[in-house]
Amino acid sequence: MKKVLDVQNIEKFYGTNDSLTKALNKISFSVEEGEFIGIMGPSGSGKTTLLNCVSTIDRVTSGHIYIGGKDITTLKGKDLSKFRRDELGFIFQDFNLLDTLTAYENIALALTIQKQNPAIIEERVLAVAEKLEIVDVLQKFPYQMSGGQKQRVASARALVHDPSLILADEPTGALDSKSSRMLLDSIEKLNQELQATIMMVTHDSFTASYAKRILFIKDGKIFNELHRGNDTRKEFFNKIIEVVTLMGGDVSNVL
Ligand SMILES: Nc1ncnc2c1ncn2[C@@H]1O[C@H](COP(=O)(O)OP(=O)(O)OP(=O)(O)O)[C@@H](O)[C@H]1O
Ligand SMILES: [Mg+2]
């Protein structure tokens, strides 16, 4: 199996000597092509910091992060923005759709920027829209869509350019339970049918139970790891809750 992501001994410190926060304290793990990995941990444990370092939004203090064999901690300027645009897909909590563009235009944007041929763009947009069941909203603007539809349009946009790695930060954070399920079913489909490699940060055990493997972080370190194996989602969910309880997580976050 090919390693898509290889995180080696990374540290991220904030502040100075007298008020130093070790947000990430020597973290190492790797993600193989086609994996769907969840990152969980209590508030302040370093989840967002980890995602931001992997997504090149933030810089590590030390250590290395390889994506597709390339050390992204040394990329700068134009190379960095090209890498981010071509190799990564993002699914954010607040969708980040452009209000003045239709769903179709929002999804096509990454390919338009790459100056792809319009016929290829149309083919790719339609293919992902069919997978995510949003063909009927392609001509709508974001204000004309439901929250769940917007989130699925945002997911389509994250993967239309076939990135090496899709990064999701609390993707269900703003959704009701029905929309959350629909989005998670879609993300699961992308992983199973299109072999998309996904790394998802979440507080929520139900959301996490869709992943195939979970890394739990606490105080900037890896605390535990769970593999779904042949468990049903419900069985996996119960195991996740056990670890969350063990970590002293906020139980209200679990529901
Ligand atoms: N810009 C910053 N300056 C100083 N400290 C920071 C900064 N960003 C994060 N931290 C600290 O780093 C630690 C990890 O923060 P991080 O945002 O990664 O947590 P998290 O696991 O995403 O938490 P949450 O679940 O609440 O979103 C926290 O102690 C936080 O206070
Ligand atoms: Mg966070």
Side-chain angles (χ1 to χ4, degrees), residues 5-31 36-65 67 72-73 76 80 84 88-96 147 151 154-155 158 165-177 180 183-184 187 198-211 213-226 237 239-255:
L5 171 66
D6 196 9
V7 173
Q8 291 187 359
N9 221 15
I10 60 168
E11 294 181 310
K12 176 70 185 179
F13 300 161
Y14 289 110
T16 50
N17 283 344
D18 43 343
S19 69
L20 192 70
T21 305
K22 294 188 172 183
L24 299 176
N25 192 355
K26 297 198 194 319
I27 286 202
S28 298
F29 64 95
S30 58
V31 179
F36 180 2
I37 187 172
I39 308 286
M40 292 193 82
S43 181
S45 59
K47 302 180 297 295
T48 297
T49 307
L50 175 62
L51 197 84
N52 288 347
C53 289
V54 170
S55 65
T56 73
I57 290 168
D58 208 345
R59 293 229 165 241
V60 296
T61 305
S62 69
H64 295 274
I65 300 174
I67 297 181
I72 59 156
T73 60
K76 290 198 185 74
L80 187 63
R84 193 184 291 154
L88 302 178
F90 296 95
I91 304 176
F92 294 106
Q93 182 173 354
D94 55 0
F95 320 132
N96 275 315
Q151 188 56 291
S155 305
L165 181 64
I166 295 176
L167 300 166
D169 195 0
E170 302 281 2
T172 56
L175 300 179
D176 60 48
S177 63
S180 292
L183 176 73
L184 290 163
I187 293 181
I198 302 166
M199 175 170 149
M200 173 178 79
V201 165
T202 184
H203 266 101
D204 177 62
S205 300
F206 176 76
T207 301
S209 70
Y210 278 75
R213 174 162 69 114
I214 316 255
L215 285 183
F216 294 87
I217 58 175
K218 187 173 184 179
D219 301 329
K221 293 182 184 196
I222 294 180
F223 173 82
N224 206 335
E225 182 175 357
L226 273 186
F237 174 75
K239 288 184 185 168
I240 294 169
I241 292 209
E242 277 174 31
V243 179
V244 169
T245 310
L246 198 68
M247 289 176 88
D250 179 351
V251 177
S252 66
N253 282 333
V254 167
L255 300 175

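Just follow the structure's listing: the first ligand is 1, and inside any ligand the first atom is 1. Numbers here are sequence positions counted from 1.
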| said: Quick one, Ile10 and Leu50 - any side-chain contact, counting heavy atoms below 4.5 Å? | reply: yes
| message | Restricting to N/O/S atoms, is Thr49 within less than 2.8 Å of the Mg ion (ligand 2) or not? | response | no
| query | Identify the closest protein heavy atom to atom 26 (O) of ligand 1: which residue and atom is it, and at what distance? | reply | Ser43 OG, 2.6 Å
| remark: Paired with Ser62, the side-chain hydrogen bond (donor to acceptor under 3.5 Å, both in side chains) test is passed by just one of Glu11, Lys26, Lys12, namely Glu11
| Would a distance-only check, ignoring hydrogens and angles, find a side-chain to backbone donor-acceptor pair under 3.5 Å from Thr202 to Thr207? | no
| query | Are any of the protein's heavy atoms under 4.0 angstrom from atom 30 (C) of ligand 1, yes or no? | reply | no
| 4.5 Å side-chain heavy-atom contact, Ile39 and Leu51 | no
| message | Starting from atom 27 (O) of ligand 1, what is the nearest protein heavy atom, named by residue and atom, and what distance separates them? | response | Thr48 OG1, 4.0 Å
| task | Check whether any side-chain N or O of Lys47 sits under 3.5 Å from a backbone N or O of Gly41 as a donor-acceptor pair, and report yes or no. | result | yes
| request: Would you mind reporting whether Phe29 and Leu215 have side-chain heavy atoms less than 4.5 Å apart? | output: yes
| Can you list the ligand 1 atoms lying under 4.0 Å from a non-hydrogen atom of His203? | 25 (O)
| field | Value rounded to 0.5 Å, distance of OH in Tyr14 from CG in Leu24 | value | 7.5 Å
| side-chain contact (heavy atoms from CB on, under 4.5 Å) between Leu165 and Val54: does it pass, once the steps are laid out? | CA-CA 10 Å; Leu165 181 64; Val54 170; 4.0 Å; yes
| With a 4.0 Å cut-off on heavy atoms, does Gly15 reach ligand 1? | no
| task | Provide the number and element of each atom of ligand 1 under 4.0 Å from a heavy atom of Pro42. | result | 21 (O)
| message | What I want to know is whether Thr21 and ligand 1 share at least one N or O pair that is separated by under 3.5 angstrom. | response | no
| field | Protein contact of atom 13 (C) of ligand 1 - nearest heavy atom, named by residue and atom, plus distance | value | Gly44 O, 3.6 Å
| Tell me: protein heavy atom nearest atom 25 (O) of ligand 1, and distance? | Lys47 NZ, 2.7 Å
| remark: Closest to atom 18 (O) of ligand 1 among protein heavy atoms sits Thr49 OG1, 2.5 Å
| query | Salt bridge between Glu225 and Arg213, side-chain N to carboxylate O under 4.0 Å? | reply | yes
| Who's the nearest protein heavy-atom neighbour of atom 6 (C) of ligand 1, and how far? | Tyr14 CD1, 3.2 Å
| task | Could you tell me the residue and atom name of the protein heavy atom closest to atom 12 (O) of ligand 1, and the distance to it rounded to 0.1 Å? | result | Ala23 CB, 3.4 Å
| task | Would you check the N or O atoms of Gly41, main chain and side chain alike, for any that come under 3.5 Å of an N or O of ligand 1? | result | no
